[in-house]
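Take a look at the structure set out below.
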Amino acid sequence: MAGYLAAVDEDQPAVLSINMQAACMVFNDFLARIHRYRLDKYREFSTQRVRMVHGHYEYEPDSMEPHPLFRNHIGAGDASLLVRNNLIDA
């Protein structure tokens, strides 16, 4: 059975510091996007990861392709992605 962290042989490790690291990264990215202080293009920071074992930060650019889960819903306007009304043609 896989635990919370793949590289740790513990089913319930203390993950508060890892969760807080992720929360800080999200909030700092939010601040960078609303205050526009990055020197690089913001598109370059579409996907961000941190490797806790190595202390390594990675980022990847936006592929400009829609995620496979949303492809069928693009252009649907203001509609819920969870519930779709199929009774319109009935």
Practice prompt. Would you name the heavy atoms of P61 and S46 that are closest together and state the gap between them?
Written response: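 That closest heavy-atom pairing would be C-CB, 3.8 Å.
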
Discussion item. Hydrophobic clusters here meaning ILVMFWY residues chained together by side-chain heavy-atom distances under 4.5 Å, can you tell me if V26 and M20 are in one?
Written reply: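 Different clusters: V26 never reaches M20 through Ile, Leu, Val, Met, Phe, Trp or Tyr contacts under 4.5 Å.
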
Item to complete: Evaluate the side chain to side chain contact (heavy atoms under 4.5 Å, CB included) criterion for residues E60 and E44: first the C-alpha distance (whole Å), next the side-chain angles of each, then the deciding distance (0.1 Å), finally the verdict.
Response: CA-CA 6 Å; E60 296 175 11; E44 300 296 319; over 6 Å; no

Item to complete: For residues 16-40, pull every pair meeting salt bridge (Lys or Arg N to Asp or Glu O under 4.0 Å), keeping only residues two or more places apart or in separate chains.
Response: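 The answer is D29-R33, D29-R38.
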
Worksheet entry | Any donor-acceptor pair under 3.5 Å from Y42 side chain to A32 backbone |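 Yes, Y42 side chain to A32 backbone: donor-acceptor pair under 3.5 Å.
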
Fill in: pair Q48-E58: side-chain heavy atoms closer than 4.5 Å
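The answer is no; the side chains never approach within 4.5 Å.
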
Fill in: Flag side-chain contact, heavy atom, 4.5 Å: M25 against V50
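Of all side-chain heavy-atom pairs linking V50 with M25, at least one is under 4.5 Å.
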
Worksheet entry | By ring-ring contact (aromatic ring centres under 6.0 Å, His included) - contacts of F45 (at least two apart) |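 With sequence neighbours excluded, F45 shows a ring-ring contact (aromatic ring centres under 6.0 Å, His included) to Y59, given in chain and number order.
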
Worksheet entry | OH/Y37: more than 12 non-hydrogen atoms of other groups inside 6.0 Å |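 More than 12 within 6.0 Å, yes.
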
